[in-house]
Structures are given as structure tokens and as C-alpha cells.
Amino acid sequence: MALSSSEINKRLYEKLYDYLSPNKQELFERYASERTNYITVVLENVYQEHNASAVVRSCDCLGIQNLHVVEQRNEYKVQTEIALGASNWVNIHNYSDPKNTTTNCLKALKKQGYKIVATTPHDNSQSIFEIDLSEPIAFVFGTEKEGISQEVLDEADETTFIPMYGFTESFNISVSVAIVLSAIRRRLEKSSIRWRLDENEQILAKIEWTKQLLNGGEYMCKRFTEDIINEATLQ
């Protein structure tokens, strides 16, 4: 009997579940139901490790399951004392090819159905409180000094800004990410949009968390998956 990928995932997590403590079982169930792939974050060449670490922490705290990191010029490093383990719970996708890294990242997200929204204080665009949320969005944030690149602007479907009321023209990037994600999440929660992970996506997230938590988690998942497929073949 051939199994669908979603059924394999479901059976795999059932096997892994018994290896988790009751506390982790409860936390995984609670937080998976609050996660989202509807919005995601793209960081372009962020070079300050403090900011990079703070961003992944904000993504975790606000339920963002996927973070995309372009490393064309700067390697993305997470400081554990700042991230506080957040990188265990957020899927970090790295793009480090030397040619067209930013463009390739954004084109890949477009193929997945995301609208590319560049964040910039220098453009005549909509504020984060006005931008249309009717389709999934990938918010792109640039470097601390230079902001987003021309490549991002060329690929972006829209631009957005955070309203500010002081003399300084921009927020620190980690603060910007937190403000945008908090504002958009609040708007989504008040909407009728189905923005939370579906059942299979929740299971996939919990499998990834288990891999990070358990010693030999990657090997366990591989072995259990092989067992599940073999068992189904014999039925």
C-alpha cells in the first residue's frame, strides 16, 4: 500500500511523540497551532550578529516558521545568548551562491505563491497598517546601513514602510522586523484569512522541532520513515 507524504509524516510524528517529555508534547501542540507560513521574512546581507540573532528570536516569538537569509556578502551567524534557542524552532533557509543570490531567493518565493514586499523608508509606498494581506507575503529587510538592494526593488511586487514620528529616519533592523511582524500578525488575527499552518504543516514543524531537540533526531526520523514505508509495502 502506497502512503501519501502527509500520511507518512503523521505516522512519523506518532513514533517520535513518545520520545518527548509530557511538557514538550504539550508545548509542541500549543505552539504549532499558532505558527504561520502565510508571512515569511527575508534578510539580505545582514552583517551584525546581534541583529541577526534578534531577528530569529522575533520570528519565533511571533510564530513565523520560516526565515530566508541571503548571504551574498555577509555570513549569517546566530549568537546563542541573544537568540535564546530560537533557531531550534524556526526553519532558516540560507542562500549563499555568489551569483544572483537575492534574485534567486525572491524568485523561488514567488513560485511558492508569495508576494514580495520590500521594506524601505525611502519610497512612496503603503504603511504596514494599510498593505493588502489577501495573499501570502514575504517581507524583505536589507542591511543596517544600506537598506534593501536594487535587486530587491527590481523583484518586489510592492514596498511598505513603518510610520515614524521622530528625527531618526529608520529603526534598527531587528526592531523593524519585530514591529512589522507584530503589526501584520495582529491584522491577520482580526481577519477571516486562513493564515495558520494546516494540519500537515503543523506536523512537519513538530518533526523539525523534534529533530532539534532529541539526540540523534535526524537519524531517528530517517530510520522511522524507512520502517513506515516498509510496513506499508508489506500490507
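Every value quoted in this text rests on a predicted model; they were computed, and no experiment measured them. Side-chain atoms are counted along with the backbone in the values below, which use heavy atoms only and exclude waters and symmetry mates.
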Glu189/Arg185 under salt bridge (charged side-chain N to carboxylate O under 4.0 Å, His left out): CA gap, chis, key distance, verdict = CA-CA 6 Å; Glu189 289 177 341; Arg185 173 155 186 138; 3.0 Å; yes
[atom1] of [X] to [atom2] of [Y]: how many Å apart, nearest 0.5 Å?
| X | Y | atom1 | atom2 | result |
| --- | --- | --- | --- | --- |
| Phe139 | Ile39 | CZ | CD1 | 6.0 Å |
| Ile184 | Leu133 | CD1 | CG | 5.0 Å |
| Leu12 | Ser5 | CG | OG | 12.0 Å |

Indicate yes or no for a side-chain donor-acceptor contact from [X] to the backbone of [Y] under 3.5 Å, with no hydrogens or angles considered.
| X | Y | result |
| --- | --- | --- |
| Thr40 | Asn66 | yes |
| Lys115 | Asp132 | yes |
| Thr233 | Ile229 | yes |
| Arg187 | Ile131 | yes |

Is it the case that over 12 heavy atoms from other parts of the model lie below 6.0 angstrom from the [atom1] atom of [X]?
| X | atom1 | result |
| --- | --- | --- |
| Lys110 | NZ | yes |
| Arg223 | CZ | yes |
| Gln25 | CD | yes |
| Lys10 | NZ | no |
| Asn215 | CG | no |

If you measure only the distance, is there a donor-acceptor pair under 3.5 Å linking the side chains of [X] and [Y]?
| X | Y | result |
| --- | --- | --- |
| Asn172 | Ser174 | yes |
| Glu151 | Thr103 | yes |
| Asp154 | Gln150 | yes |

Are [X] and [Y] within salt-bridge range, i.e. N to O under 4.0 Å?
| X | Y | result |
| --- | --- | --- |
| Arg30 | Glu34 | no |
| Arg11 | Glu7 | yes |
| Asp227 | Lys222 | no |

Would you please test Thr36 and Gln65 for side chain to side chain donor-acceptor pair (under 3.5 Å) and show each step?
-> CA-CA 6 Å; Thr36 185; Gln65 189 55 39; over 6 Å; no
Sequence neighbours left out, cut at 3.5 Å: what donor-acceptor pairs do the side chains of residues 203-212 make with other protein atoms?
from   : atom 1 : to     : atom 2 : distance (Å)
Lys206 : NZ     : Glu29  : OE1    : 3.2
Lys206 : NZ     : Glu29  : OE2    : 2.9
Glu208 : OE2    : Lys211 : NZ     : 3.2
Trp209 : NE1    : Trp89  : O      : 2.9
Thr210 : OG1    : Lys206 : O      : 2.7

For the residue pair Tyr13 and Tyr17, does the interplanar ring angle fall in the parallel (under 30°), tilted (30 to 60°) or perpendicular (over 60°) class?
->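 Answer is perpendicular, since the angle exceeds 60°.
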